[in-house]
Amino acid sequence: MSSTHDVESHLTLVRQRIANAEVAAGRSPGSVQLLAVSKTKPAADIAAAHDAGQRAFGENYLGEAIEKMEQLSDRECQWHYIGAIQSNKTRPIAAHFDWVHCVDRDKIATRLNDHRAAAAEPLNVCIQVNIDREPSKAGATPEECSALATLISGLPRLRLRGLMAIPLATDDTARQRQSTAALKRIFDSLKADHPSLDTLSIGMSGDLEAAVAEGSTMVRIGTAVFGARAPKQH
Ligand SMILES: *Cc1c(COP(=O)(O)O)cnc(C)c1O
């Protein structure tokens, strides 16, 4: 577990990295949001980040996430589901989260819509795109995005916000930028028909500068905020 002080100082560094990347790209200050990815980390670490002003948290594992939400129920947090979605988990996901980043097929979108309570705000969703066409990765193909966006836009309990991708892992900055640029092109082409789109969810601890340079509006940062994760068995 990180100490409270570590989380706070790491958050300061990550905010500075984002601010520097915004300036380098000629983008407005504050145009990139930080989603703090707290998977495998204890509620105390989230509380420390919350004390330091962070409100948006990303979680990948449902059971663990719900447990932490309960522990932190007296704090106002915005919860983002960024893990793989099995169709038998759409009900608890729709019940507990404010955002879902990894909608990649009609069935998941329809089920999330059906399970979102009428009294709740519509669920914010991003379409996950397999931007580098990796066989091992989830995500809609670039060609599937338009039809899926149209379907989601017609579902009243969902609000289509944008696109999300987990690009191929590489240290090559030019290659990292290509992935975000490709995602941004799809985003721009969808935006004509879907003016509500405002979110490009891409960029992690190792590639946030490249992602911001090419138009990311939300970076999902785990390690650089909360420290390295122990490997998790599932
Ligand atoms: C774990 C995870 C992250 C954060 O990755 P770091 O390299 O630790 O910053 C971002 N997005 C998704 C989808 C993740 O699963």
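Every value quoted in this text rests on a predicted model; they were computed, and no experiment measured them. Ligands are counted one by one from 1 in listed order, and the atoms in each one are counted from 1 as well.
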Query - Per-atom contacts of ligand 1 with Ile221, taking only distances under 4.0 Å to non-hydrogen atoms - result: 9 (O)

Query raised in the report: Which atoms of ligand 1 are found less than 4.0 Å from any heavy atom of Asn60?
Result: 14 (C), 15 (O)

For [atom], what is the nearest protein heavy atom, given as residue, atom name and distance?
| atom | value |
| --- | --- |
| atom 5 (O) of ligand 1 | Met204 SD, 3.8 Å |
| atom 12 (C) of ligand 1 | Ile82 CD1, 3.6 Å |
| atom 11 (N) of ligand 1 | Arg220 NE, 2.9 Å |
| atom 9 (O) of ligand 1 | Ser205 OG, 2.5 Å |
| atom 8 (O) of ligand 1 | Thr223 OG1, 2.6 Å |

Query raised in the report: For Asn88, does the CG atom sit with more than 12 other heavy atoms under 6.0 Å from it, leaving out its own atoms?
Result: yes

Report task. For Lys107, look at atom NZ and say whether over 12 heavy atoms of other residues, nucleotides or ligands are found less than 6.0 Å away. Result -> no

Requested in this report: For Lys137 and Asp104, run salt bridge (charged side-chain N to carboxylate O under 4.0 Å, His left out): C-alpha distance rounded to whole Å, both residues' side-chain angles, the deciding distance at 0.1 Å, then the answer.
Outcome: CA-CA 11 Å; Lys137 288 232 172 96; Asp104 65 357; over 6 Å; no

Query raised in the report: Between the side chains of Gln16 and Asn20, does any donor sit under 3.5 Å from an acceptor?
Result: yes

Salt bridge present between [X] and [Y] (N-O < 4.0 angstrom):
| X | Y | result |
| --- | --- | --- |
| Asp45 | Lys68 | no |
| Arg75 | Asp51 | yes |
| Glu64 | Lys39 | no |

**Report entry** Mode of Lys39 contact toward ligand 1 - side chain, backbone, both, neither (heavy atoms, under 4.0 Å)
**Finding:** side chain

**Report entry** Any N/O pair Ile166/ligand 1 closer than 3.5 Å
**Finding:** no

Query raised in the report: With a 4.0 Å cut-off on heavy atoms, is His101 touching ligand 1?
Result: no

